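Here's the structure we're looking at; comments come further down.
Given the structure is predicted, the values throughout are model-derived calculations rather than measurements.
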Amino acid sequence: MRSKVRLRAAGATVVTAAALLHPGIADAATTTSPSDYNYTATATALPDVRRIIRDDVAAAAGYTGKGVGIALIDTGVVPVAGLTSGNVANGPDLSLESQIPGLLRRDTYGHGTHLAGIIAGRDAAGGTFTGVAPDAKLLSLKVGAANGAVDVTQVMAAVDWVVAHRNDDPANPIKVLNLSYGTDSTQSWVSSPLSEAVENAYLAGISVVIASGNTGGNILNPGSNPYIITVGATDPQGTTNPADDTAASFSSLGANTKENAPDVMAPGRSIVSLRDPGSYADVNYPSARVGDRFFKGSGTSQAAAVVSGAAAVLLQKYPTLSPMQVMCYLKATGTPVAGSFAPQINLQTAIRSTLTGCSQSGSTITGTGSIQKDRGSSQVTMGDGIALTGERDIFGPLSTTTWAAASAARTSWNGGDWMGHSWTGAGWTTTTDGQANWSGKAWSGKAWSGKAWSEVAWAGQTWSGKAWSGSSGTAPNWSGAAWSSTGWLSAGDKGWLF
């Protein structure tokens, strides 16, 4: 059972979100700006998004995410304009494509690049493109391949790596983690290994921001964990006035009760961000292109990216906030959304408010459940048709009891090894295209199919899976709907739904 509303003021009984603020502050959450305007509803550009959440007001006050590191676990990024001005770094590539020359760290899907632009994109001097937190430092970890395929254990390893390396850049310590990933796990968040991984990041002082999913119903795992910030998507209705925004029809809202709703909402329909030329999304959905440089997409992934940037802006203003306080601030200062119990974030109110105290409660997590159950209906399959199943990662058997203890102790990584398997390089290497890079490494041993990694015809191999897509459209990974006609929002809105 999901329960995420037990916010408590220090020394008090259960209170409403507004009561967490000093008297007279909460009412400001519903105010609007006289500069609100209409725009074409089928393309929500980032200046529109920033107005909707009042990020423009925060920027005018000097809050742009400066000094805050944001980890993005996704499909990687490419060095397109907007991501090469020095605030993007590439952590390890833990994807199946890391063994293919020329694809190391590169986004072959298009999803990670799109989200990176929303979170912290910024042009070099003289440009105009600006993300929500343009002065934050974005750290990209690639886990998804060209069709989005990824195993849940790869995501667990990536989260562990972020925790272990959160202070690698002392000027920009990682305080926010964006994960637009979810599974239809068949076990409780209390026993889920993936849920344990993100909670360990929370305990390390990182605000974990998760997309709720695009099922239109159930919230995906690990979004059910009460200690992370679960984000639903709104439809701005073609204006920058947040008062008319509604819950997007595709957004997962759970049972749509206070106990099961996402924590916050953010714009997620037809969001225009950076295009990744030649990527899977770009090639298969050319009608989603906006000119030569941009691309539009709809989903709770985009909404989560907006919230990750907003969390960095808030943390610049209040650098000592705990992850729970970040959640409380965003919830308590948000604007009501029609059709949702969760409010839409409002930075204008957030940076002008003072939190008196809050806390969250939930069952004690173990994380020692089944990896296979956490996969749900999603599994990665090698080109010869052999699926990755059972209690193992991509290299071999994995005991969740042993892993959970190591993850909690922050010892699951040792140099370039995760849980005893050599996975990546052990240090930072050269900077290219304005992006710092973590070193890679060739894999040895055998894949789950029994073939040696060196025997796999990487360049021509086809990988299948349901990361970012799902054949049924009911339980997709990466908060995405199927790449089919069901993924389109309307005939006039050719943004892909992911």
One should read off an interatomic distance between Asn225 CG and Leu194 CG, to the nearest 0.5 angstrom, of 9.5 Å

| request: Side-chain contact test, heavy atoms from C-beta onward, threshold under 4.5 Å: evaluate it for Ile345 versus Val307 and give yes or no. | output: yes

Separation between OG1 (Thr64) and CD (Gln316), nearest 0.5 Å, reads 5.0 Å

Handout entry: Side-chain donor-acceptor contact under 3.5 Å, Arg122 with Ser85
Key = yes

Looking only at heavy atoms, the pair that brings Pro222 and Gly182 closest together is CD-CA, 4.4 Å

Salt bridge (Lys or Arg N to Asp or Glu O under 4.0 Å) filter on Arg293, not counting sequence neighbours, yields Asp123

Is the side chain of Ser251 donor-acceptor paired with the backbone N or O of Ala248 at a distance under 3.5 Å, no angle test? no

Is any side-chain heavy atom of Asp263 closer than 4.5 Å to one of Leu330?
no

**OP:** Determine whether Ser298 and Phe250 make a side-chain contact, defined as any pair of heavy atoms from C-beta on separated by less than 4.5 Å.
**Re:** yes

The reported gap from OG in Ser192 to CG in Asp374 (rounded to nearest 0.5 angstrom) is 3.5 Å

On a heavy-atom basis, the closest approach of Thr84 and Val80 is CG2-O, 3.7 Å

- [ ] With side-chain contact (heavy atoms from CB on, under 4.5 Å) as the test, would you mind laying out the steps for Val176 and Ile206 before giving the verdict?
- [x] CA-CA 5 Å; Val176 180; Ile206 300 172; 5.6 Å; no

All heavy atoms of Gly65 vs all of Ala133, minimum pair found to be CA-CB, 4.3 Å

Can you tell if the side chain of Ile371 reaches within under 4.5 Å of the side chain of Thr400, non-hydrogen atoms only?
yes

Inset, instruction - Just do the salt bridge (charged side-chain N to carboxylate O under 4.0 Å, His left out) check on Asp135 and Lys66 with the steps written out, would you? - result: CA-CA 5 Å; Asp135 290 328; Lys66 187 175 179 61; over 6 Å; no

Hits for side-chain hydrogen bond (donor to acceptor under 3.5 Å, both in side chains) against Thr186, two or more places apart or cross-chain, chain-then-number order -> none

Next item on the list: Apply the test side-chain contact (heavy atoms from CB on, under 4.5 Å) to residues Val143 and Thr75: give CA-CA distance (whole Å), side-chain angles for both, the deciding distance (0.1 Å), then the verdict.
Entry: CA-CA 6 Å; Val143 293; Thr75 59; over 6 Å; no

Residue set satisfying salt bridge (Lys or Arg N to Asp or Glu O under 4.0 Å) with Asp282, at least two apart, ordered chain then number -> Arg275, Arg289

Is the shortest side-chain heavy-atom distance between Thr368 and Pro193 below 4.5 Å?
no

Is the backbone N or O of Ile271 less than 3.5 Å from a side-chain atom of His114, with the two atoms forming a donor-acceptor pair by type? yes

Heavy-atom closest pair (Gly232 atom, Ala303 atom, distance to 0.1 Å) is O-CB, 3.5 Å

Correct closest heavy-atom pair for Val159 and Ala201 would be CG1-CB, 4.1 Å

Those residues at least two apart in sequence (or on a different chain) that pass side chain to side chain contact (heavy atoms under 4.5 Å, CB included) with Arg106 are Val78, Pro79, Asp433, Gln435

CD of Gln344 to OG1 of Thr234, rounded to nearest 0.5 Å, is 3.5 Å

is_close_aromatic(Trp413, His165), centroid dist under 6.0 Å = no

Do Tyr280 and Tyr285 have ring centres separated by under 6.0 Å?
no

For Ser308, the side-chain hydrogen bond (donor to acceptor under 3.5 Å, both in side chains) test, sequence neighbours excluded, returns Asn178

Taken in chain and number order and not counting sequence neighbours, the residues that satisfy side chain to side chain contact (heavy atoms under 4.5 Å, CB included) with Ala71 are Val162, Ile174, Leu177

Shortest non-hydrogen pair, Ala116 vs Leu138, comes out as CB-CD2, 3.4 Å

Sorted by chain and residue number, the salt bridge (Lys or Arg N to Asp or Glu O under 4.0 Å) partners of Lys137 (sequence neighbours excluded) come out as Asp169

Task: Side-chain donor-acceptor pair present, Thr432, Asn437, cut-off under 3.5 Å - done: yes

Quick one: does any side-chain atom of Ser439 pair with a main-chain N or O of Trp428 as donor and acceptor, under 3.5 Å?
no

query = Are any non-hydrogen side-chain atoms of Val209 and Val231 less than 4.5 angstrom apart?
reply = yes

Those residues at least two apart in sequence (or on a different chain) that pass salt bridge (Lys or Arg N to Asp or Glu O under 4.0 Å) with Asp151 are Arg375

### Query
Can Tyr227 and Ile365 be said to form a side-chain contact (heavy atoms from CB on, under 4.5 Å), step by step?
CA-CA 11 Å; Tyr227 298 100; Ile365 195 168; over 6 Å; no

Does Trp448 reach the main-chain N or O of Ile386 with its side chain, forming a donor-acceptor pair under 3.5 Å?
-> yes

Between the NZ atom in Lys142 and the OG1 atom in Thr424, the distance rounded to the nearest 0.5 Å is 12.5 Å

side-chain hydrogen bond (donor to acceptor under 3.5 Å, both in side chains) filter on Thr113, not counting sequence neighbours, yields Asp107

Those residues at least two apart in sequence (or on a different chain) that pass side-chain hydrogen bond (donor to acceptor under 3.5 Å, both in side chains) with Thr108 are Glu97

* Polar side chain donor-acceptor pair, Gln154 to Asp393, under 3.5 angstrom -> no

Would you say the side chain of Arg166 lies within less than 4.5 Å of the side chain of Pro173, judging by non-hydrogen atoms?
no

Discussion item. We want to know whether Ser399 and Glu391 form a side-chain donor-acceptor pair, criterion being a heavy-atom distance below 3.5 angstrom.
Written reply: no

Look only at the side chain of Asn172 and the backbone of Gly69, and say whether a donor-acceptor pair between them is shorter than 3.5 Å. no

For Thr183 and Tyr181, run side-chain contact (heavy atoms from CB on, under 4.5 Å): C-alpha distance rounded to whole Å, both residues' side-chain angles, the deciding distance at 0.1 Å, then the answer. CA-CA 7 Å; Thr183 73; Tyr181 173 85; 3.4 Å; yes

Looking only at side chains, do Ser207 and Lys175 share a donor and an acceptor under 3.5 Å apart?
no

_Distance alone, cut at 3.5 Å: any donor-acceptor contact between the side chains of Gln379 and Thr389?_
no

Side chain to side chain contact (heavy atoms under 4.5 Å, CB included) filter on Ser252, not counting sequence neighbours, yields Ser212, Thr215, Ile219

Rounded to the nearest 0.5 angstrom, the NZ-NZ distance for Lys446 and Lys451 is 12.0 Å

Is the distance between the ring centroids of Trp161 and Trp438 under 6.0 Å?
yes

By ring pair (Phe, Tyr, Trp, His ring centres under 6.0 Å), Tyr63 pairs with (sequence neighbours left out) none

Worksheet item: So do the side chains of Leu115 and Ser301 get within less than 4.5 Å of each other, counting heavy atoms only?
Response: yes

Output field: ring centroids Phe395/Trp418 closer than 6.0 Å = no

Around atom NZ of Lys373, are there more than 12 heavy atoms from other residues, nucleotides or ligands closer than 6.0 Å?
no

